[in-house]
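Here is the structure we will look at, set down as structure tokens.
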Amino acid sequence: MKKQAKTRFYLIRHGKTQWNEEGKYQGMTDIALSETGVEQAALLGKRFRHLPLDAIYVSPLQRAMKTAEAIAKETGIPLQTDEHFREIHFGEWEGKTISQLQQEYGESYQKFFDNPFLHPFPGEGSFDKVMERSVAGFEALLEKHKGEHIAIVSHGGLLRVMLVGILGMDLTFYRKTWLTNTAITTVDVMEDGKRILMTLNDKAHLEWADLWKEENKAK
């Protein structure tokens, strides 16, 4: 049986920001990495010393750019910004926590939170629009880079919506998943077009770093 050529995508959430730590919606607000986020990005970059990679695409927001720069530093591969992978625009919700939104918007926010694909929100307006643009970006890169290894450095919300679209998952998959800052989710696309989720939320580089810190403290 002929072995199929495959295209591998590494889908990566940016490093942590202060707003992540405070539980605030970030959306298109251009927030910088926190000190922890910078450390996470450096660990992510070192991980790519050992992974095959041909191209890096990144959201234009600085938290994603700074994360991707750590990979570029280790691999020598230049960054290419792509608007398809910018975070979801949440309009007036940005900068607010879930509890604040529940207090200010009540049932309308709760309906969105429980079933985000079925209810509108400020800014971009609908998850259908988010899925359309993110999947279009993914499909364009698949066509351009068949048989290669591609990193997309983006945002947790956007990537989870895109996963639903590219894998044909039930819409409830969005609320059943989480992507940790700098975690890697790997999707292989086979020559016949079949998509396979190989890893989800792989944060081994962060976990090993924590173990090394604990070992050093014990010495």
Side-chain angles (χ1 to χ4, degrees), residues 9-29 31 34 36-37 40 44 59 61 63-64 67 84-139 151-189 194-204 206-207:
F9 285 88
Y10 302 110
L11 310 180
I12 303 162
R13 186 185 178 194
H14 62 77
K16 187 171 284 189
T17 71
Q18 187 64 38
W19 278 18
N20 285 147
E21 294 170 7
E22 296 171 358
K24 294 178 178 178
Y25 273 63
Q26 293 184 116
M28 294 208 328
T29 307
I31 304 300
S34 65
T36 298
Q40 292 174 331
L44 173 71
S59 157
L61 297 177
R63 57 191 185 270
T67 303
H84 288 98
F85 307 120
R86 183 190 287 267
E87 180 60 302
I88 302 165
H89 182 200
F90 284 109
E92 64 198 51
W93 287 3
E94 294 178 12
K96 297 180 180 181
T97 65
I98 290 175
S99 61
Q100 288 174 325
L101 291 170
Q102 287 172 330
Q103 290 174 7
E104 292 181 30
Y105 294 91
E107 186 180 4
S108 65
Y109 172 75
Q110 195 60 48
K111 285 181 177 179
F112 164 81
F113 186 85
D114 293 338
N115 294 289
F117 278 93
L118 301 181
H119 298 282
F121 56 92
E124 202 150 354
S126 79
F127 269 25
D128 287 340
K129 291 181 181 178
V130 177
M131 183 184 291
E132 183 178 358
R133 74 170 164 91
S134 61
V135 171
F138 179 90
E139 298 294 348
I152 298 175
V153 183
S154 184
H155 308 267
L158 186 287
L159 289 174
R160 287 156 65 205
V161 172
M162 189 172 78
L163 280 168
V164 171
I166 63 177
L167 297 174
M169 305 293 284
D170 186 274
L171 298 183
T172 59
F173 181 79
Y174 179 85
R175 282 291 182 217
K176 294 176 180 177
T177 57
W178 184 252
L179 300 180
T180 301
N181 293 104
T182 73
I184 303 169
T185 293
T186 308
V187 174
D188 284 352
V189 182
K194 182 179 180 181
R195 286 100 190 273
I196 303 173
L197 180 62
M198 302 298 292
T199 67
L200 178 67
N201 200 43
D202 175 0
K203 50 189 175 68
L206 304 182
E207 293 166 342

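Source: prediction; values computed, not measured.
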| said: Does Glu21 have more than 12 heavy atoms from other residues, nucleotides or ligands lying within 6.0 Å of its CD? | reply: yes
| Heavy-atom count around Glu107 CD within 6.0 Å, excluding the residue itself: above 12? | no
As an exercise, state the distance from [atom1] of [X] to [atom2] of [Y], rounded to the nearest 0.5 Å.
X	Y	atom1	atom2	answer
Glu132	Glu124	CD	CD	10.0 Å
Ser134	Ile152	OG	CD1	9.5 Å
His119	Phe112	NE2	CZ	10.0 Å

| Quick one: is the NZ or CZ of Arg160 closer than 6.0 Å to the six-membered ring centre of Phe127, and within 45° of its axis? | no
| note | Residues Tyr174 and Pro116: closest non-hydrogen pair is CD2-CG, 3.8 Å
| What residues, two or more places apart in sequence or in another chain, satisfy side-chain contact (heavy atoms from CB on, under 4.5 Å) together with Thr172? | Asp170, Lys176
| task | Using side-chain contact (heavy atoms from CB on, under 4.5 Å) as the criterion, list what pairs up with Pro120, not counting sequence neighbours. | result | none
Whether the side chain of [X] engages the backbone of [Y] through a donor-acceptor N/O pair (distance < 3.5 Å, no angle test) should be reported.
X	Y	result
Gln100	Thr97	yes
Thr180	Ala183	no
Gln40	Lys16	yes
Ser154	Phe85	yes
Thr67	Gly15	yes
Ser126	Lys129	yes

| query | What's the verdict on side chain to side chain contact (heavy atoms under 4.5 Å, CB included) for Met28 and Arg86, showing C-alpha distance, side-chain angles and the deciding distance? | reply | CA-CA 7 Å; Met28 294 208 328; Arg86 183 190 287 267; 3.0 Å; yes
With a 4.5 Å heavy-atom cut-off, do [X] and [Y] have their side chains touching?
X	Y	answer
Trp178	Arg13	yes
Asn20	His14	yes
Glu94	His89	yes
Phe90	Ile88	yes
His155	Ser59	yes
Leu159	Thr185	no
Tyr25	Phe121	no
Phe9	Met198	no

| Thinking salt bridges, do Glu87 and Arg133 make one under a 4.0 Å N-O criterion? | no
| message | Run Tyr105 and Trp93 through side chain to side chain contact (heavy atoms under 4.5 Å, CB included) and show every step you take. | response | CA-CA 10 Å; Tyr105 294 91; Trp93 287 3; 3.7 Å; yes
| side chain to side chain contact (heavy atoms under 4.5 Å, CB included) between Ile12 and Leu44: does it pass, once the steps are laid out? | CA-CA 9 Å; Ile12 303 162; Leu44 173 71; 3.7 Å; yes
| task | Take Val187 and Leu163 through the side chain to side chain contact (heavy atoms under 4.5 Å, CB included) test and state the conclusion after the steps. | result | CA-CA 9 Å; Val187 174; Leu163 280 168; 3.9 Å; yes
